[in-house]
Amino acid sequence: MSIETPKNWWKPLNKEERIWLYIVGVWAVILTIMMPYGHTRDHNISNETWKTTTKAYTAVSKAFIKKYKIGEDERGVPIVDARNIPEGKRGADIFLIATRAWQFKPHFILKKDKKYRIHMSSDFYEHGFSLQPMNLNYQILPNRDFVVTMTPKQSGKFMIVCNEYCGPGHHNMFTTLEVKE
Amino acid sequence: MKDYSHQFRTCETTGLKIHLPAQKLIWVNAVSAVVFLLVGAVMAILIALTRWPAVHLLPQHLFYRFITAHGMNMLVFWIVFFEMAGLIFGASAVLKTRFPAIKFAWFNWILMIIGALLVNYAIFVQGVDVMFTAYPPLKGTPLYYLGIILFAVGALFYSFQFFFAVGIAKKEGWHQGTLPLFTFGMLVAAIIAVFTLLEGAVTFVPTFLWSVGIIPESWMLDSTALYRMHFWAFGHSAQQINLAAMVAIWYLLGTLTVGAKPVNQKLSRIAFLLYIIAINLGSIHHLLVDPGLTSTYKIVNTTYLAFAAVIGSLIHAISIPAAIETAQRKKGLTNGLFEWLTKGPWSDPGWSGMIISFVIFGFIGGVTGILMSTEQLNVLHHNNLRVPGHFHATVVGGTALAFMAVAYYIIPLVLQRKLISKTLAKIQPYIFGLGILMVIMGMTFAGLMGVPRRHWNIELPGIFGGADAMLAIMGVGAIIAFIGLLIFIGIAVLSVFFGEKIPSKMEVHNPPFPVKEGVSDRKTATT
């Protein structure tokens with residue numbers, strides 16, 4: 001009974017229980033190996049984060065948009081052509097900002113097969129970076145510059161959607177990421 | 001020692017001695033739980049019908065406000081009030097002992113009820129819509145944070161009182177030897193609760209001070225990552241309290257429905273211990289795609305430590321069915337591999353609720369949980385609808401359904417009222433189980449397609465059209481589950497207030513292992 005304790009309850013396990021524990025043990029070992037294995041295969045998400053301030057990041061993002069802006073899309077979001085940004089050794093730096101007025105800026109045009117370092121941060125609230133339809137999701141925090149390195153392998157139109165609740169305008173937060181040849 | 005021998009009645013079904021002042025406490029906590037369940041259920045159906053694109057019921061500000069209310073009322077108030085009833089039951093009736101400090105227990109209940117009412121006042125009247133997570137710089141009103149703190153303090157005091165009650169039972173000779181397995185499970189829940197609630201204080205006291213203007217906003221803005229860590233040490237550990245309590249209740253239901261005895265109590269108890277040792281550290285899986293933490297840190301916390309707790313769950317996954325199977329086979333249900341299961345008492349809501357919650361929790365909740373807490377896979381899950389899909393399998397299909405199943409026993413045995421409708425009670429677990437299963441599946445598959453959680457209108461980005469069918473399944477499931485919930489709430493509330501009274505059999509009950517005068521008194525012993 002689960003409401004009474006039998007007298008000699010400290011007793012050895014029976015055969016079925018032992019077999020089950022072995023199965024469970026083997027399974028746990030396999031799962032435990034999987035993650036460090038993924039680690040060696042470079043399947044981890046980015047570990048690169050820089051401390052910043054909302055003010056400094058906003059300024060960087062503004063300068064970036066001003067430098068590479070080629071127009072505005074139908075929702076009034078500045079379009080940035082990042083196809084010709086110098087790539088450097090580690091990839092071309094591009095900056096995404098999630099703003100307090102529930103907007104992602106800018107609308108990106110990227111070049112296929114070029115390596116990019118996408119910086120993401122917020123000017124106030126926490127936000128989510130959800131790249132669709134790949135379904136890749138990252139957390140965006142204020143005062144932290146999170147850098148994710150990506151190389152687009154496929155051309156077309158993708159969406160970045162906010163998936164962390166950030167206030168009543170949350171559902172208006174999305175921007176476009178175009179990949180061209 | 002004061003004479004408590006006339007405060008007991010004997011339960012004729014189980015032989016438990018029930019301390020009458022404790023019975024009142026169980027009553028008040030269980031009834032409070034069901035009241036908040038009703039509030040949460042109304043919120044649930046409204047937000048589910050909003051997320052079903054064909055219906056899209058609520059305006060945006062109400063949608064976000066009602067999710068906040070749904071999260072707090074369901075995940076915190078309904079479950080914790082019910083667990084407090086479970087703690088009191090485990091430390092009094094099951095040990096056949098008195099529950100000490102009755103007035104203090106009432107004071108704790110008052111703290112909790114004031115806290116819960118303040119939070120609901122803040123949400124509905126002051127318009128707080130910060131979600132259950134309340135990540136700063138999203139700001140609630142001071143009353144919102146104050147309510148959470150008061151509620152948590154009440155629950156923390158109850159946990160301490162549980163330890164105290166177990167100690168008194170030993171000291172005054174009401175109980176001797178090893179704790180019964182159910183009480184042991186509740187003890188594990190209470191220990192995890194202490195850690196959880198202290199983390200709650202670390203999270204919400206600074207947030208409260210910020211909301212009244214003592215801590216500057218720039219500090220909160222700089223501590224968002226730290227807040228997330230402490231919040232989840234509170235928020236996810238709170239689910240481990242539910243887990244331990246739910247498993248303890250599964251063992252109890254096995255005993256109550258078919259007289260199951262755990263095959264090997266040593267194994268079951270070790271499994272419970274693994275929960276205490278390992279499970280809270282696994283809470284870091286909420287931060288797997290956060291900036292600032294290294295992969296090594298995430299991997300260590302989510303593999304080696306979380307899997308130790310998963311082993312605990314897998315042990316219960318064999319020992320509970322084994323106990324039930326053994327008990328059933330002893331009754332002569334020995335044909336084939338599964339006669340013990342197919343010929344179980346399927347018209348007993350305690351049994352059907354237990355089996356359904358077992359299946360939903362283990363096969364769906366557990367499996368999706370392991371997937372999500374894998375470091376490299378989390379990036380495919382984080383903050384999309386798959387996450388609510390997972391925790392509706394664990395907390396709703398698992399914990400809440402197990403609590404409902406045990407309520408069908410608590411109402412007659414502890415609260416002394418006959419169920420007003422056995423027919424409705426018989427079908428309720430099936431209706432609710434089916435509905436919540438559809439909700440879980442709809443959410444999980446919509447999440448696979450990338451649909452974000454907590455989102456008022458996914459039509460806007462124009463890329464989630466394919467998920468409409470899944471969200472419709474979720475919506476229909478929510479309606480069915482809501483009907484199931486209303487049946488439960490109706491039966492519980494009407495039975496408790498208007499059900500036929502079951503007369504109590506008063507019996508003089510004295511400590512069966514009386515302590516000899518003077519021996520426990522240190523002064524006398526030394527002189």
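Per chain, numbering begins at 1; letters A, B, ... match sequence-line order. None of these values were measured; they are calculated from a predicted model. Quick note: numbers below take in every heavy atom, side chains included, and nothing from hydrogens, waters or symmetry partners.
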Item to check | Sidechain N-carboxylate O distance under 4.0 Å for A:K111, A:E181 | outcome: no
Item to check | Salt bridge A:D123-A:R100, side-chain N to carboxylate O under 4.0 Å | outcome: no
Checklist entry - At a heavy-atom separation under 4.5 Å, does B:L16 approach chain A through its side chain, its backbone, both, or neither? => result side chain
Checklist entry - Which answer fits B:H382, side chain, backbone, both or neither, if we ask what part of it has an atom under 4.5 Å from a heavy atom of chain A? => result both
Checklist entry - Checking A:T54 against chain B: side chain, backbone, both or neither under 4.5 Å from a heavy atom? => result side chain
Checklist entry - When you check the side-chain N and O atoms of B:E375 and A:H43, is any donor under 3.5 Å from an acceptor? => result no
Checklist entry - Hey, what's the ring geometry for B:Y251 with B:H316, parallel, tilted or perpendicular (30° and 60° as the breaks)? => result perpendicular
Checklist entry - Under a 4.5 Å heavy-atom cutoff, which of B:L287, B:L138, B:N384, B:I463 has the most pairs with chain A? => result B:L138
Checklist entry - Relative to B:W456, does B:R51 satisfy both conditions: NZ or CZ under 6.0 angstrom from the six-membered ring centre, and within 45 degrees of the ring's axis? => result no
Checklist entry - Which residues pass the side-chain hydrogen bond (donor to acceptor under 3.5 Å, both in side chains) test with A:E17, sequence neighbours left out? => result none
Next on the checklist: Which atoms of A:K51 are under 4.5 Å from chain B, going by heavy atoms: the side chain, the backbone, both sets, or neither?
Outcome noted: side chain
Item to check | Residue part contacting chain A, namely of B:V263, when any heavy atom lies under 4.5 Å | outcome: both
Checklist outcome for this item: Max heavy-atom pairs within cutoff under 4.5 Å with chain B, candidates A:E16, A:K157, A:M34, A:H170, goes to A:H170
Checklist entry - Is chain A contacted by the side chain of B:L179, its backbone, both, or neither, given a heavy-atom distance below 4.5 Å? => result backbone
Checklist entry - Within a reach of under 6.0 Å around NZ of A:K62, are more than 12 heavy atoms found that belong to other residues, nucleotides or ligands? => result no
Next on the checklist: Checking an interface table here. Which of residues 20-27 of chain A come within a heavy-atom distance under 4.5 Å of chain B?
Outcome noted: A:W20, A:L21, A:V24, A:W27
Next on the checklist: Cation-pi check for B:Y64 against B:R454: NZ or CZ below 6.0 Å from the six-membered ring centre and within 45 degrees of the axis, yes or no?
Outcome noted: no
Checklist outcome for this item: Whatever's closer than 4.5 Å to a heavy atom in chain A on B:F464 counts as side chain
Next on the checklist: Can you confirm if the aromatic rings of B:F132 and B:F231 lie within a centre distance of less than 6.0 Å?
Outcome noted: yes
Checklist entry - With a 4.5 angstrom heavy-atom cut-off, which part of B:L448 approaches chain A: side chain, backbone, both or neither? => result backbone
Next on the checklist: I need the residue from A:M120, A:K7, A:E48, A:Q132 with the largest number of non-hydrogen atom pairs under 4.5 Å to chain B.
Outcome noted: A:Q132
Checklist outcome for this item: Okay, B:R228 and chain A: the region with an atom under 4.5 Å from a heavy atom over there is side chain
Next on the checklist: Given heavy-atom pairs under 4.5 angstrom as the criterion, report whether the side chain, backbone, both or neither of A:P142 touches chain B.
Outcome noted: both
Next on the checklist: Let me confirm one number: the CD-NE2 distance from B:E459 to B:H56, rounded to the nearest 0.5 Å.
Outcome noted: 7.5 Å
Item to check | Top of B:I458, B:V94, B:L377, B:T224 for chain A proximity - count of heavy-atom pairs under 4.5 angstrom | outcome: B:T224
Checklist entry - Are A:R75 and A:F174 in a cation-pi contact, defined as NZ or CZ under 6.0 Å from the six-membered ring centre and within 45° of the axis? => result yes
Checklist entry - Counting heavy-atom pairs under 4.5 Å to chain A, which of B:Y135, B:F182, B:F63 comes out on top? => result B:Y135
Checklist entry - For atom NZ of B:K17, is the number of surrounding heavy atoms from other residues, nucleotides or ligands below 6.0 Å larger than 12? => result yes
Item to check | Per-residue contact mode, B:L252 against chain A (heavy atom under 4.5 angstrom) | outcome: both
Checklist entry - Strictly by modelled atom types, are B:N383 and A:N137 linked by a side-chain donor-acceptor pair under 3.5 Å? => result no
Checklist entry - Among A:M159, A:M173, A:E126, who wins on heavy-atom pairs under 4.5 Å with chain B? => result A:E126
Item to check | Leading residue by heavy atom contact count with chain B [cutoff under 4.5 Å; candidates A:F129, A:W10, A:W50] | outcome: A:W10
Item to check | Closest approach of B:G466 to B:M449 (non-hydrogen atoms, all atoms of both residues) | outcome: O-SD, 3.6 Å
Next on the checklist: Is B:L95 in contact with chain A via its backbone, its side chain, both, or neither, using a 4.5 Å heavy-atom distance?
Outcome noted: neither
Checklist entry - Is there side-chain contact between A:I45 and B:L288, with heavy atoms separated by less than 4.5 Å? => result no
